[in-house]
Amino acid sequence: MTTPADSTTETSSGHRYDAALANRIECHWQSAWERDEVDRTLGPGDPGFDHTRPKFYCLDMFPYPSGAGLHVGHPEGYTATDIISRHRRMSGYNVLHPMGFDAFGLPAEQYAVQTGVHPRETTVSAIDNFRRQLKRFGFSYDWSREFATIDPDYYRWTQWIWLKAYDSWFDSGLQKARPIAELVEGLDSGSIDIEDEDGDRIDWSSLDAAGRRREIDGRRLAYLGEQTVNWCPRLGTVLANEEVIDGRSERGGHPVVRKPLRQWMFRITDYAQRLLDDLQLIDWPESTRTQQREWIGRSEGASIRFPIVDSDESLEVFTTRPDTIFGATYMVVAPEHPLVDAVVAGGGDPALATYVAEARNRADVDRMADSREKTGVPTGRFAINPATGERIPIWTADYVLAGYGTGAIMAVPAHDQRDFEFARRFDLPVRQVVVETRHEAGTPVADWTEAVVGSGFAIDSANEGVSLDGLSTEEAKTTIVAWLESSRIGRGKVNFKLRDWLFSRQRYWGEPFPIVFDEEGNHHPVSEKALPVVLPDLEDYEPVESEEPTPPLGKAVEWVFTTAGEAGVDPEVLPADTPVRREINTMPGWAGSCWYHLRYIDPTNEERLVSREAERYWMLSDRKSAKSDGPPTPGEEGFDPERHHVGGVDLYVGGSEHAVLHLLYARFWHKILFDRGEVSTPEPVGKLFHQGMITSFAYRRGDGSLVPIDEVETVTDESGDERNVEIATGETVERIVAKMSKSLRNVINPDDVIADYGADTFRLYEMAMGPLEASKPWNTRDIVGVHRFLQRYWRIAIDEEDGSLSLREEPDEAVERELHRAVAKVGDDIDRLAFNTAIAAMIEFVNAATGVGVTADQLDRFNRILAPFAPHVAEEIHHRLGCPGGVPYVTLAAWPSHDPAMLEDDTIEVPVQVLGKVRSRITVPAGSDNSTLEAAALEDPRIIEVVGDRTVRKVIVVPGKLVNLVVG
RNA sequence: GCCGGAGUGGCGGAAUCGGCAGACGCGACGGAUUCAAAAUCCGUUUCCCGCAAGGGAGUGUGGGUUCGAGUCCCACCUCCGGUACCA
């Protein structure tokens with residue numbers, strides 16, 4: 001810092017720390033910090049970068065700027081990361097603490113459509129407003145690293161990563177992605193074999209060019225797939241599975257229907273096992289890891305083929321209970337299953353056609369609504385149970401889902417509750433093949449009210465080839481799978497609930513795909529050098545609400561129909577004058593947020609998405625374990641967070657609503673980049689933390705209806721108890737905690753709070769409310785508490801009459817002790833993200849110093865521990881103290897040290913219990929041994945009185961804590 | 001239904017490893033200051049009995065382990081979040 005720092009803020013109207021002064025101080029220092037680039041972070045390659053310091057990458061989930069501006073929930077996590085970042089910086093770390101904006105996607109586009117203003121304009125003005133609001137909080141972001149996902153310089157690399165995935169295939173043997181060129185090479189040389197869907201080897205040499213292309217394209221991590229997708233007519237786009245909740249769109253709650261479509265997909269299922277396994281390596285909230293585990297949904301079982309009667313075909317099913325195959329008395333296929341199509345096409349039972357048509361047209365919402373009673377119809381076809389040789393009917397029913405497994409099941413009504421209910425409804429046979437204890441006989445199934453679903457021992461399960469009788473469920477599974485495999489009927493299989501990620505959207509406001517189609521419909525990538533493929537400006541960007549997907553980019557006719565050369569396809573791939581058609585779907589809103597953590601590291605790099613050197617420094621640092629096999633996991637014995645760390649962002653803070661979507665997608669992209677050697681860690685985020693939601697109060701009448709907050713007043717009765725009454729009626733209403741909403745008029749605008757108290761008070765209030773992870777109600781009445789704390793602090797240091805410093809010459813002994821305690825406590829609490837108790841400790845110090853006063857040195861030390869929380873007032877005091885140590889800004893000062901010896905008093909008061917109840921207190925020198933404490937306790941007159949003539953049978957001494965006498 | 005989390009004064013919350021329950025803040029009450037008020041400062045504030053000294057009860061409910069439980073174990077109740085026919 002070469003520019004000398006400004007002198008202190010001049011106060012025109014008084015020297016009291018009030019809202020007006022706070023706002024003047026804050027604005028003054030914010031502009032000084034900005035001018036002197038105080039928050040600038042140097043990285044590898046920057047002049048003056050000190051690589052010997054440890055690094056700390058502290059990331060916030062970047063916001064999606066809406067027209068409504070910042071919500072009070074945003075600054076909660078942002079203040080927390082700001083405090084940690086400032087504390088780490090003061091403790092000698094290089095800290096990367098960036099901010100940017102997520103801006104492509106549906107909400108911005110919907111808003112633009114509503115207002116009739118182009119999304120580029122609405123988005124840019126929303127970003128400007130967000131940035132202004134964020135800056136007003138004094139967060140120490142290095143704004144020189146800011147970007148938005150809509151910046152062509154940024155989405156150029158989003159497109160580049162997509163091309164990387166397009167150019168990759170997943171080697172299931174090595175469990176990693178490799179370049180497509182290696183696949184082609186391997187196939188040509190015969191060192192790699194590929195299989196079809198049934199597991200049969202494909203003869204590569206016998207394929208023609210089109211066949212080869214089909215095989216290669218079908219194996220890309222980014223591929224064009226014909227899939228049944230979630231089509232949302234109201235939004236005019238398809239949605240990913242993760243974006244559909246209870247059959248409705250996550251955004252807007254519109255109905256979603258299933259529809260077969262040809263769309264760009266990501267082969268995320270190939271990574272299912274690694275996405276699951278690596279959850280062990282990361283320090284994430286258990287709830288989030290559980291949610292991801294469940295979403296991935298791994299289950300072990302077997303895939304079995306049931307021959308279809310009067311046909312060469314067979315029906316393949318997945319089951320986790322192959323041991324119950326002898327109890328499979330019928331089969332069920334999903335209404336969408338091809339077998340059903342075939343029967344209907346062949347003119348089967350009209351009731352079947354009706355049922356299937358209804359099931360398909362019903363949105364998933366309705367399917368779930370009447371989920372109580374099972375429905376279904378027989379297809380009229382039969383299959384052979386390969387274990388029993390029995391002919392069993394094939395039904396179709398919507399309790400079997402098309403999207404999971406093969407969309408068909410073997411029904412074992414005795415041992416599966418759903419099958420049991422279905423069998424009872426349609427009077428299908430129930431056959432028991434598992435008993436709970438060994439050597440037990442079966443019980444009459446007619447008496448059953450529910451299926452026996454647990455493990456046990458097999459009975460009545462034998463044929464000429466295999467017998468499971470008497471085996472435990474585990475043994476029976478192994479035995480039957482071995483038989484199935486040797487008989488070529490089936491094989492052991494691991495199935496995942498996770499499905500491939502649908503990555504196309506029929507919307508305007510997203511990244512264009514860097515790909516074109518030739519006249520035969522084959523796709524060809526745009527070359528890296530030609531990126532970005534810029535989103536064309538459209539006058540009419542409105543989505544078409546229709547039954548058929550109609551991407552708005554199709555309206556940019558001149559842009560869409562072009563030549564390979566114009567589109568930037570490598571001439572070696574396609575001659576420059578070849579007529580091509582551009583892809584008119586766009587990427588979904590998640591694309592940009594999958595990798596933004598990497599771009600902050602090196603935001604202006606034009607050669608790479610991030611420089612290798614900077615990526616290694618910020619993501620890997622000196623921690624060694626960037627591999628998937630070694631270290632103990634968080635929570636395990638021997639786990640040391642300082643050493644055992646998979647790398648990645650050191651602290652990522654954001655809401656738990658992204659537990660599956662964003663955080664799973666980001667892990668997936670990061671793993672592709674890791675496999676392709678572009679990044680050095682297998683996981684993007686080493687430690688994740690979710691801040692709780694900030695809620696608000698509302699009121700509820702006796703009948704359960706809600707009352708807006710401004711229609712209620714609080715009255716205090718004689719006993720001091722509070723009662724809330726509805727002003728209009730006088731009726732007593734109950735105060736409840738609710739989400740902030742316009743209708744309850746309990747939404748808090750951060751700008752208003754800052755105007756009333758200043759940003760420092762706002763920051764302190766949100767951090768003092770309670771634990772960061774807890775959901776907490778906003779209570780405007782409580783804000784004054786932390787504001788008074790800052791006023792008392794100000795008053796310790798500043799004479800409110802003339803604004804001069806008022807300090808003691810000699811330190812007060814007790815105040816000095818309190819200061820050491822505060823320094824120790826606040827540092828510890830910041831490390832464990834316990835900001836509420838850190839603030840309580842600082843308040844205690846200020847209360848102790850009030851009326852006594854502090855020396856300049858004491859004031860400076862306290863000021864430095866306050867600085868991460870309330871940086872503006874701390875900066876002002878720092879300057880009024882004349883910049884102690886010659887440090888131009890408190891932001892750049894070092895965290896103060898403390899003397900552990902000062903944390904303890906010379907003498908301590910120890911409670912003495914008799915039978916667990918405190919009966920007296922004794923004062924002893926600190927560090928007294930057990931016998932001293934025991935003797936002092938037994939000599940205490942009050943204790944002698946309480947013990948009376950009872951015998952002291954046992955004395956428990958906890959050194960420094962308490963003495964407990966057992967008498968009787 | 002299943003998974004995860006939480007129940008502590010009038011309110012938000014604290015108690016980090018089984019060791020003084022209620023830190024800190026709000027509100028309320030009392031006092032000082034003031035012509036008065038605001039602001040500020042000092043004090044009280046879990047509940048019950050008591051003038052007091054003191055005693056009793058107490059961390060959602062019921063049991064248990066322990067010298068000692070808000071904390072550990074078992075059963076249950078309520079609330080919040082996630083998920084939902086995944087074979």
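Quick caveat: nothing in here was measured; it's all calculated off a predicted structure. Residue numbers begin at 1 in each chain, while the letters A, B, ... track the order of the sequences. The basis for the numbers below is simple: all heavy atoms, side chains too, and nothing from hydrogens, waters or symmetry mates.
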Whole-Å gap separating P (B:G10) and CZ (A:Phe697)
15 Å
SB check A:Glu76 A:Lys776 (cutoff 4.0 Å):
yes
Taking the side chain as every heavy atom from C-beta outward, state whether A:Val753 and A:Trp778 have any pair of such atoms under 4.5 Å apart.
yes
Taking the same atom, C1', in B:A28 and in B:C11, what whole-Å distance lies between them?
11 Å
NA contact type, A:Gln791, heavy-atom cut-off 4.0 Å: base, sugar-phosphate, or nothing?
sugar-phosphate
Judged by whether its glycosidic angle lies within 90° of 0, B:C20 is anti
Rounded off to whole Å, could you give me the CD-to-C1' distance for the A:Glu766 and B:C24 pair?
18 Å
Selected nucleotide, minimal atom distance to A:Thr320 side chain, candidates B:G19, B:U16, B:A87
B:A87
Give a yes or no on whether a salt bridge exists between A:Glu421 and A:Arg424, defined as a side-chain N under 4.0 angstrom from a carboxylate O.
no
Checking N1-N3 plus N6-O4 or O6-N4 for Watson-Crick, or N1-O2 and O6-N3 for wobble, each under 3.5 Å, the partner of B:G22 is none
Against the side chain of A:Pro911, the closest entry in B:A87, B:C20, B:G13 is B:C20
Rounding to a whole Å, what distance do you find between A:Lys497:NZ and B:A84:C1'?
8 Å
Which is true for A:Ser656 with a 4.0 Å heavy-atom rule: it touches a base, it touches only sugar-phosphate, or it touches nothing?
nothing
What does A:Arg919 touch in the nucleic acid at a heavy-atom separation under 4.0 angstrom: a base, only the sugar-phosphate, or nothing?
sugar-phosphate
Just to be sure I understand the rule, does A:Lys825 reach a base, reach only the sugar-phosphate, or reach nothing, if contact means heavy atoms closer than 4.0 Å?
base
Using a heavy-atom cut-off of under 4.0 Å over every strand shown, decide if A:Ile843 touches base, sugar-phosphate, or nothing.
sugar-phosphate
Nearest-Å distance for atom pair CZ/P, residues A:Arg788 and B:A38
12 Å
B:C72 to B:U59 separation - P atoms, rounded to the nearest Å
15 Å
Measure from CH2 on A:Trp794 to P on B:C41 and round the result to the nearest Å.
16 Å
Atom CD1 of A:Ile830 and atom P of B:U16: how far apart are they, to the nearest Å?
19 Å
By the Watson-Crick or G-U definition, both distances under 3.5 Å, B:C29 is matched with B:G43
Would you classify A:Asn495 as touching base, sugar-phosphate or nothing, given that sugar-phosphate means primed atoms plus P, OP1 and OP2, and contacts are heavy atoms under 4.0 Å?
nothing
Verify whether one side chain among A:Asn495 and A:Ser299 offers a donor that lies under 3.5 Å from an acceptor in the other.
no
Within the structure shown, what part of the strands sits under 4.0 Å from A:Arg293 by heavy-atom distance: base, sugar-phosphate, or nothing?
nothing
Does any N or O in the side chain of A:Lys497 come within less than 3.5 Å of the main-chain N or O of A:Glu294, such that one atom is a donor and the other an acceptor?
yes
Counting only Watson-Crick or G-U wobble pairs whose two distances fall under 3.5 Å, which nucleotide matches B:G68?
none
Checking N1-N3 plus N6-O4 or O6-N4 for Watson-Crick, or N1-O2 and O6-N3 for wobble, each under 3.5 Å, the partner of B:C76 is B:G60
Would you mind classifying the nucleic acid contact of A:Arg953 as base, sugar-phosphate or nothing, using non-hydrogen atoms under 4.0 angstrom?
nothing
Span that lies between the C1' atom of B:G12 and that of B:A6, in whole angstrom:
15 Å
A:His690 (side chain) donor-acceptor with A:Gly654 (main chain) under 3.5 angstrom
yes
Has A:Asp500 got a side-chain atom pairing as donor or acceptor with A:Thr269's backbone, closer than 3.5 angstrom?
yes
Should the side chain of A:Asp782 and the base of B:C26 be counted as holding a donor-acceptor pair, with the cut-off at 3.5 Å?
no
Mind checking if A:Val958 touches a base, just sugar-phosphate, or nothing, with heavy atoms under 4.0 Å?
base
Using heavy atoms to find the nearest nucleotide of RNA chain B for A:Thr850 and A:Gly785 separately, return the residue whose nucleotide is more 5′.
A:Gly785
Across every strand shown, the nucleotide meeting Watson-Crick or G-U wobble geometry with B:G50 (both distances under 3.5 Å) is none
Side chain of A:Asn847 only, heavy atoms from C-beta on: which candidate in B:G25, B:G68, B:A87 is closest?
B:G25
5' precedence on RNA chain B between A:Arg298 and A:Val918 (nearest-nucleotide basis):
A:Val918
Under 4.0 Å, counting only non-hydrogen atoms across every strand here, what does A:Gln913 touch: a base, just sugar-phosphate, or nothing?
base
What contact category does A:Asp828 fall into here, base, sugar-phosphate, or nothing, at under 4.0 angstrom with non-hydrogen atoms?
nothing
Given B:G13, B:G4, B:C67, identify the nucleotide with an atom nearest to the side chain of A:Lys954.
B:C67
Whole-Å gap separating C1' (B:G81) and CD (A:Glu294):
13 Å
Can you find an N or O donor on one side and an acceptor on the other, under 3.5 Å apart, linking the side chain of A:Arg921 with the base of B:C20?
yes
Taking B:G27, B:G19, B:A14 as options, the one with an atom nearest any side-chain atom of A:Ile956 is B:G19
In terms of side-chain heavy atoms of A:Arg781, which of B:A23, B:G10, B:G82 is nearest?
B:G10
Anti/syn call for B:G50, syn if |chi| within 90°:
anti
Scan every strand shown for a Watson-Crick or G-U wobble partner of B:A15, both distances under 3.5 Å, and answer none if you come up empty.
none
Non-hydrogen side-chain atoms of A:Val854 and A:Phe862 separated by less than 4.5 Å:
no
Just call it for A:Pro771: base, sugar-phosphate, or nothing, with non-hydrogen atoms closer than 4.0 Å on any strand.
sugar-phosphate
Selected nucleotide, minimal atom distance to A:Lys374 side chain, candidates B:C26, B:C20, B:C85:
B:C85
Verify, without hydrogens or angle tests, whether A:Trp295 (side chain) and A:Leu661 (backbone) share a donor-acceptor contact under 3.5 angstrom.
no
May I have the distance from A:Arg821 (atom CZ) to B:C24 (atom P), rounded to whole angstrom?
13 Å
Provide the Watson-Crick or G-U wobble partner of B:G81, both distances under 3.5 Å; none if there is no partner.
B:C3
